[in-house]
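Below you'll find the structure, written out as structure tokens, and then a few comments.
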There are 2 protein chains.
Amino acid sequence: MSHSTEQTPERPTGQAVPTSADVARLAGVSRATVSYVLNNTSAVRISEPTRRRVREAAEELGYVPHAAARSLRAGHSRMVLLPSAHIPVGPLYSQFFHDLQWELRRLDYTVVQYGSVGLKPDEAARAWAELRPVAVVSLGEVELTEQSVELLKRSGARAVITLGTQQVPGTHSLALDQGRIGEVAIAHLIESGRRRIGVVVPEEPGLGMFSQPRLEGARRAAETAGAAAAGAGADAAGVAVVPLPLRYDEESADELAGRWRELGLDAVFAYNDEYAMLLMRALQDAGISVPEETAVVGADDLLLGRLLRPRLSTVHIDMVLGRELAELVDRAVRDTDVPPRSRRLLDSRVVRRESS
Amino acid sequence: MSHSTEQTPERPTGQAVPTSADVARLAGVSRATVSYVLNNTSAVRISEPTRRRVREAAEELGYVPHAAARSLRAGHSRMVLLPSAHIPVGPLYSQFFHDLQWELRRLDYTVVQYGSVGLKPDEAARAWAELRPVAVVSLGEVELTEQSVELLKRSGARAVITLGTQQVPGTHSLALDQGRIGEVAIAHLIESGRRRIGVVVPEEPGLGMFSQPRLEGARRAAETAGAAAAGAGADAAGVAVVPLPLRYDEESADELAGRWRELGLDAVFAYNDEYAMLLMRALQDAGISVPEETAVVGADDLLLGRLLRPRLSTVHIDMVLGRELAELVDRAVRDTDVPPRSRRLLDSRVVRRESS
DNA sequence: TTGAAAGCGCTACCAG
DNA sequence: CTGGTAGCGCTTTCAA
């Protein structure tokens, strides 16, 4: 209310974004001093009165440093970029995501999700590179090619980390090992004496990344069991795995249930709990008894599985800790020489309830 | 493989991020020319051979422009910042989110989600302001105060848009009107002859923003009905609305169902379909018949509601179009003088099935 | 203890 | 048609 600067009506609506120079002027010091004070630069000693004047001036003007200018000067940023696309994901995934962001922030990174819907891999990588992130953590929504990674690294990214099945050179890839989910599900069903096992493969776009590895894992488990049984001379050699395309709607489920008997299946791994609920309903409506005639296993261990009747057996997934990943990012950023290696960070186990 | 620049082994691992100067050098032109070519500046004509040389050089080096430098120079960015927190949200919300991003990108904005978990309103606003976004679209995860908005605007944000119930001065606030959801649900139940109506209020943190308005809407509907009935001399004056705190787990639901009869309720609006499923299961297990003894209404019109028995009545929510919002953002950014006004962009209607 | 000045990468004026 | 150059906001030597 009492500042001489008020008499400059050249900018109608207070459009001027205050800079450190403005702060310096108001505090009667140089821009350098402002920078020292506001960043608590320890290498230099500023008198307490000066500090206060600077701080008050900054407060007064509502000064906020310009991140772009800062990182331009510094030659690097502390931005971790998480590409995000449109994937329908459950509470597990989103919890993990949340933890990751939280931990990265604790380590003083600026976490930014970059919506990359509908961009081709190289376009996407380019767009990310423009922001000069210090690290990119791709949860697999967007496919990374080798040259994408190359581009990112050339643009200053000190760590590129991928979650998912892709194994791209130059990245730290954390295998979420979706295959294991299918594997344990099918192993459980075989152990329960089932022999012709359906595996639901959602037709929704964007889910292939999860469903394909699960299907492959299922096949692996069947082969393993077959080989073991053959070796033992048992009769289990003939385990069949049948892919079952399914859309997430009633019509598709009813259609599938309608031809269930001709498929001759005695069990199904339904991709996840939600698809399991859908399919189980359709099966029951079609007069197929669960688990007697057909066993059903979901995945994700959602609450809703316990609410169904029969209670749904499911694959419980231990999601990688956001904390662990955050620390990997930090280490990779600090020592560029952490060798890009793969680790598996997801384990799965069957929770048997009543549907299998 | 054949460049004279290869003989500069000063930087071991190709650490150098190529700049426009590098491109210029390689192409044998000035940095200005590089800029013109790469931005297709129409105000200036560059010969085709030169253009090609520049493009090839850029390609060669893997040059990617530095967004920070660019926007520093330009004095503004085209970044739209979406604060994101940890809210368990359904497919509606995430579809909307996706559309919004898509449309904003079409309008040539850079959309960035900024994880703002655990930041106080003013800290958050400051962090956002450092990035100098041209617009901020808060979907309500983080509370915006009047001075937050002031700060953002002073930092160059030309539009601050809030979705949610908050009505902050200086923002375009799009009322998602959660209240209306409770309103239509309760109106429907009253119309069906129910008089003592429970309203589930989730205890999960972060949901208050949705649940409180829904509860208030429910109360409003009850009052309205009461007044109308009193005016008509009818016996409906005594509509009671009872808040029912509930955690999203079986224990909490069983506990609630256990004292259901003493609550003397003949209907319940269960916040959404998932809570409805949880509660309905608990009620049925406790021997309460649905809908005879107690009617149940959910919200969100999820597929799972149709899979339940009885089929779940629900409130279908017409979510605001991402497209519409994107256009509002664009208009607000271009004409600063679009008056910040409120609009309601969500409508709701009851889908009656079997549970009510 | 503080100030002057250089320069990060980029674009937009003006000269040539 | 192309090149030189100033300057966006910031940090950080180097001098005073």
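Chain naming here is simple, since letters A, B, ... match the order of the sequence lines and numbering starts at 1 in each.
A salt bridge between A:R55 and A:E59 is absent, with no side-chain N of the basic residue lying under 4.0 Å from a carboxylate O of the acidic one. A salt bridge is defined here as a Lys NZ or Arg NE, NH1 or NH2 lying under 4.0 Å from an Asp or Glu carboxylate O, and B:E103 with B:R106 meets this definition. B:E48 and B:R52 are not joined by a salt bridge, as no carboxylate oxygen comes within less than 4.0 angstrom of a charged side-chain nitrogen.
A side-chain contact (heavy atoms from CB on, under 4.5 Å) with A:L72 holds for exactly one of B:H66, B:R73, B:R70; it is B:H66.
The side chain of B:T41 places no N or O atom within less than 4.0 Å of a non-bridging phosphate oxygen (OP1 or OP2) of C:dT11. For A:S30, a side-chain nitrogen or oxygen approaches OP1 or OP2 of C:dG3 to under 4.0 Å.
Counting only N and O atoms by type, the side chains of B:W128 and B:S155 include no donor and acceptor under 3.5 Å apart.
The CG atom of B:D22 sits 13 Å away from the C1' atom of C:dC10 (whole-angstrom rounding). To the nearest angstrom, P of C:dT11 lies 15 Å from CZ of B:R78. The nearest whole Å value for the distance from the CZ atom in B:R70 to the P atom in C:dC8 is 19 Å. Atom NE2 of B:H76 is separated from atom C1' of C:dT11 by 11 Å (rounded to the nearest Å). We find that CG of B:N40 is positioned 16 Å from C1' of C:dA12, with the value rounded to whole Å. The nearest whole Å value for the distance from the CG atom in B:L72 to the C1' atom in C:dC8 is 9 Å. Protein atom CG of B:L38 is 12 Å distant from nucleotide atom C1' of C:dT11, rounded to whole Å. Put simply, CD1 on B:I46 is 13 Å from C1' on C:dA12, counting in whole angstrom units.
Looking at heavy-atom distances under 4.0 Å, A:S20 makes contact with sugar-phosphate atoms alone, never a base. At the heavy-atom level, B:T50 lies under 4.0 Å from the strands shown only through sugar-phosphate atoms.
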Just the table, please: protein N/O against nucleotides 13-16 of chain C N/O, every pair under 3.5 Å.
residue : atom : partner : partner atom : Å
C:dC13  : N4   : B:Y36   : OH           : 2.3

Review point. With Watson-Crick and G-U wobble geometry limited to distances under 3.5 Å, how should the secondary structure of DNA chain C be encoded in dot-bracket form, using | for bases paired to another strand and [ ] for crossing pairs?
Key: ||||||||||||||||

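With A:T145 contributing its side chain and A:D122 its backbone, the two residues share no donor-acceptor pair below 3.5 Å. Checking side-chain atoms of B:R78 against main-chain N and O of B:L107 turns up a donor-acceptor pair under 3.5 Å.
Taking the six-membered ring for Trp and thresholds of 30 and 60 degrees, B:F97 and B:Y93 have nearly parallel ring planes, at less than 30 degrees apart.
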Exercise for review: Take A:R25 and A:T19, measure what side chain to side chain contact (heavy atoms under 4.5 Å, CB included) needs, and give me the verdict at the end.
Suggested key: CA-CA 10 Å; A:R25 202 154 27 233; A:T19 74; 5.5 Å; no

Practice item. For A:L26 and A:Y63, run side chain to side chain contact (heavy atoms under 4.5 Å, CB included): C-alpha distance rounded to whole Å, both residues' side-chain angles, the deciding distance at 0.1 Å, then the answer. Key: CA-CA 12 Å; A:L26 181 55; A:Y63 169 72; over 6 Å; no

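Counting only heavy atoms from C-beta on, A:R73 has its side chain closest to C:dG7 among C:dG3, C:dG7, C:dT11.
Mapping heavy-atom proximity under 4.0 Å, the span of DNA chain D touched by chain B runs 5' to 3' from D:dC1 to D:dG9.
Atom-to-atom distance recorded for A:R45:CZ and A:T50:OG1 is 12.5 Å, nearest 0.5 angstrom.
Side-chain contact between A:L119 and A:V142: absent, with no pair of heavy atoms (C-beta onward) separated by less than 4.5 Å.
Checking A:R45 against B:Y63, the closest nucleotide of DNA chain C that is more toward the 5' end is the one next to A:R45. For the pair B:G75 and A:N39, both in contact range of DNA chain D, the more 5′-proximal nearest nucleotide belongs to B:G75.
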